[in-house]
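Right, one structure below, let's go through it.
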Amino acid sequence: MAARWDFSDLWGKDSKRGTPVVVKMENPNYSVVEINGPDSAFRPVEKSRGKNAKQVTWVLLLKAHRAVGCVAWLATVFWALLGTIKKRLIFRQGVTVATEKLGKGKLVLKTIRVFLVTALVILAFEVAAYFKGWHYFESANLHIPRTLDLQGLLHMVYVAWLTFRADYIAPLIQGLSQFCVVLFLIQSVDRLILCLGCFWIKFKKIKPRIDGDPFKSDDVEAQGYEYPMVLVQIPMCNEREVYEQSISAVCQMDWPKDRILIQVLDDSNDESIQWLIKAEVTKWSQKGVNIIYRHRLIRTGYKAGNLKSAMGCDYVKDYEFVAIFDADFQPNPDFLKLTVPHFKGNPELGLVQARWAFVNKDENLLTRLQNINLCFHFEVEQQVNGAFLNFFGFNGTAGVWRIKALEESGGWLERTTVEDMDIAVRAHLNGWKFIFLNDVKVLCEVPESYEAYRKQQHRWHSGPMQLFRLCLPAIITSKMALWKKANLIFLFFLLRKLILPFYSFTLFCIILPLTMFVPEAELPMWVICYVPVLMSFLNILPAPKSFPFVVPYLLFENTMSVTKFNAMVSGLFQLGSSYEWVVTKKAGRSSESDLLAAAERDSKTMNQSQICRGASETELELLNQLKEQNEAAPKPVKKVNKIYRKELALAFLLLTASVRSLLSAQGVHFYYLLFQGVTFLLVGLDLIGEQISEA
């Protein structure tokens, strides 16, 4: 047997090699240190050593203080919410009720109210049965006693309800829930595929590139550079807050002045705003910018009619491309040099779309949640569709069109409120390709109030359904490939525009609360929790700084499904609200570069007298009138919150269902329904868009 060497005994011996060292310092303030071994100063100190009962008491008191502080904070928030409910819902102080102008909105509200009243009645029966000891709802296999002699009147009614529920209501809810779950899974798979496509683009670094010098003349004898003729359009309507910054940003774009024309297309019906915009155009025109002001006397067709009228001018035939910016968009000076070169050598390219960036994304909780949605829309949906399919919906702004593509596709039509998607679909049917530039960003705003956001989402979800009805025959009879037709019909329109709001509203806002009263049709946990959370995480990936808001985002998306579902129905069945266009209210937020240039603008106003010297007497009178109007302008009216009845009715329905889930000890269902009900309550009381400083 081999010899075994054990060094543990050697290391364990207390060997004292060497002599003790005594260190003496000249300064008497330092003490003498004696070192007996190399590790004596580095031995671990026992954690329990040195603690006494007094220190333990202080630690416990500190933890108790933190717990009490957390409870006090929750109590304060709850008390403030109750105070807001009392102020806005009971006493109606500083609020107005959001009216439903159309019959369909009132019908949806009546339907939700019927569900709410039914839920309250059933809850009353369940509570009475719970205290009576009739816990039939805790078991899926209901045991109903048949001895009528022992049953009271309430017991007979309750047993009859159980029988009717198990035989008639449960199968209906189960069938509808299974159908919605299938749609939910299909939409989740589609979103997962889009995310995988985005990862592949990032991994392979796929993006449109510009080869060589795009502006260098192809003619050998010619010297210098060739810049195509570009028309820039800024459609606006009563945009008092943002007209100045958008016109200023467009006029400062880096492009030869003789190769660009800027059209300010003003549809304002307020004369004071018209004069302000005219003065701004005059100011830049006197600086040498090729800019003109257009105002329609007959304002039909909303934005589509405005753009159609501008494209009918005779001088448009001299231009090759047209760039479009809404009134709150502020392009960088190099925007045209980053977008227009992609058209060179690519005659099939009809549109180059840039990405949006938001100056007010951190203004309040509502803007943060919008930023999550829009980041996913641009970086995942549009980038993937642009890279692999060369097609996506035009965003209506921050894009450059080939004018030939617009003309061959029929130009701007006034038949829907989503004229941008309309022209994109018709151009796709005619064989034109699109490019999305994720690296080129244009600053803009997102709505800061729930009222403005709600109206915007209504238009964005009713218009596509209206367009789908109009474009379906043209899509079916078109000559493009079959797989492109399938993508356009089933993915672009049905799955992402119709199915998404339908199953989101039906499954999470109607069926889930009803399953609390019909336990035979209970939804599985992965439908309620796991898959929605996974999809929310995928949505937040393009905006990683928004991960702390994943739960509010999930709850708010379910809340917005009410508005989206109502809009989808109105557009699909051609109801009156599908033709309604409300200009999204802007706040006039500026970027950091705009704030830094504020001093320069102020200094320019000091030289206004020099500008006025070259103006006519009529223009001077107009400027004086503008000054008088600005001085006599009324003070801003204090914000009036609105009460949204559909959201409030759903809030009480969900809270009622949460009480029912509490009786049956369903923890996850209880917390989800409670938080979702509170979210609906906050939205219904118009609290979701409050400023962070006021919240």
Backbone N/O of C444 and side chain of Q330: donor-acceptor pair under 3.5 Å: no
W356/F329 under ring pair (Phe, Tyr, Trp, His ring centres under 6.0 Å): CA gap, chis, key distance, verdict: CA-CA 9 Å; W356 300 359; F329 279 71; 5.2 Å; yes
Smallest separation among heavy atoms of G411 and I423, with atom names: O-CD1, 3.6 Å
Closest non-hydrogen atom pair between A567 and S570, with its separation: O-OG, 2.7 Å
Minimum-distance pair of heavy atoms, taken over all atoms of L437 and V352: CD1-CG1, 3.5 Å
Ion pair check, K344 and D211, cut-off under 4.0 Å: no
Side-chain donor-acceptor contact under 3.5 Å, S268 with R240: no
Worked verdict on L488 versus L429 for side-chain contact (heavy atoms from CB on, under 4.5 Å): CA-CA 10 Å; L488 199 57; L429 295 178; 4.0 Å; yes
Beyond-backbone contact of V264 with Y243, side-chain heavy atoms, under 4.5 angstrom: no
Ring centers of Y644, Y450 separated by less than 6.0 Å: yes
Main-chain N/O of N306 paired to S309 side chain as donor or acceptor, under 3.5 Å: no
Atom pair OH/CD1 of Y293 and I262 - distance to nearest 0.5 Å: 16.0 Å
W275/E271 under side chain to side chain donor-acceptor pair (under 3.5 Å): CA gap, chis, key distance, verdict: CA-CA 6 Å; W275 292 121; E271 292 187 1; 4.6 Å; no
Just list the side-chain donor-acceptor pairs under 3.5 Å for residues 313-327, sequence neighbours left out, or say none.
from, atom 1, to, atom 2, distance (Å)
Y315, OH, Q263, NE2, 2.7
K317, NZ, D314, O, 3.0
D326, OD1, K303, NZ, 2.8

Side-chain heavy-atom pair F343, V400 within 4.5 angstrom cut-off: yes
Short side-chain to backbone donor-acceptor contact, T339 and F335, under 3.5 Å: yes
Any L231 side-chain heavy atom under 4.5 Å of Q233 side chain: yes
For the student: nearest non-hydrogen atoms of C237 and R299, plus distance: SG-NH2, 3.3 Å
Closest approach of D270 to S272 (non-hydrogen atoms, all atoms of both residues): OD1-OG, 2.7 Å
Donor + acceptor pair across side chains of E557, N373 (<3.5 Å): yes
Distance-only side-chain donor-acceptor flag, N360 / E448, under 3.5 Å: yes
NE2 on H295 to CG on L265, rounded to 0.5 Å: 11.5 Å
Flag for S248-E244: side-chain donor and acceptor within less than 3.5 Å: no
Under 3.5 Å donor-acceptor, K361 side chain and T367 backbone: no
Salt-bridge present (R454, E451; N to O < 4.0 Å): no
Close side-chain approach of K497 to H461, heavy-atom, < 4.5 Å: no
Residue pairs fulfilling salt bridge (charged side-chain N to carboxylate O under 4.0 Å, His left out) with at least one residue in residues 385-401, sequence neighbours excluded: none
P501 and M560, any side-chain heavy atoms less than 4.5 Å apart: no
Residues that R469 engages under salt bridge (charged side-chain N to carboxylate O under 4.0 Å, His left out), provided they are two or more places apart: none
Non-hydrogen side-chain atoms of L351 and F392 separated by less than 4.5 Å: yes
Donor-acceptor pair, side chain of S409 and main chain of A405, under 3.5 angstrom: yes
Residue pair P208 / H342, side-chain heavy-atom distance below 4.5 Å: yes
Check: R296 side chain, T300 main-chain N or O, donor-acceptor pair, under 3.5 Å: yes
E379: partners by salt bridge (charged side-chain N to carboxylate O under 4.0 Å, His left out), with sequence neighbours left out: K202, R355
Donor + acceptor pair across side chains of N395, D420 (<3.5 Å): no
Shortest non-hydrogen contact between G288 and K257, atoms and distance: O-CD, 3.6 Å
Ring geometry between F358 and F378 (parallel below 30°, tilted from 30 to 60°, perpendicular above 60°): tilted
Side chain to side chain, E239 and D328, heavy atoms closer than 4.5 Å: no
side-chain contact (heavy atoms from CB on, under 4.5 Å) evaluation trace for N385 with F492: CA-CA 10 Å; N385 288 323; F492 184 76; 6.0 Å; no
Pair W401 and F394, ring centroids less than 6.0 Å apart: yes
Main-chain N/O of F434 paired to Q353 side chain as donor or acceptor, under 3.5 Å: no
Trace of the side chain to side chain donor-acceptor pair (under 3.5 Å) decision for D258 with N290: CA-CA 8 Å; D258 59 335; N290 193 10; over 6 Å; no
Contacts of type salt bridge (charged side-chain N to carboxylate O under 4.0 Å, His left out), residue K207, not counting sequence neighbours: D439
Contacts of D254 that satisfy salt bridge (charged side-chain N to carboxylate O under 4.0 Å, His left out) - sequence neighbours left out: K337
Distance-only side-chain donor-acceptor flag, W460 / Q456, under 3.5 Å: no
V230 vs L336, side-chain contact (heavy atoms from CB on, under 4.5 Å): CA-CA, chis, key distance, verdict: CA-CA 9 Å; V230 178; L336 292 178; 4.1 Å; yes
Worked verdict on V683 versus F556 for side-chain contact (heavy atoms from CB on, under 4.5 Å): CA-CA 9 Å; V683 172; F556 183 70; 4.1 Å; yes
Geometric cation-pi criterion, K433 with F391: 6.0 Å, 45°: no
Any donor-acceptor N/O pair, R402 side chain to L349 backbone, under 3.5 Å: yes
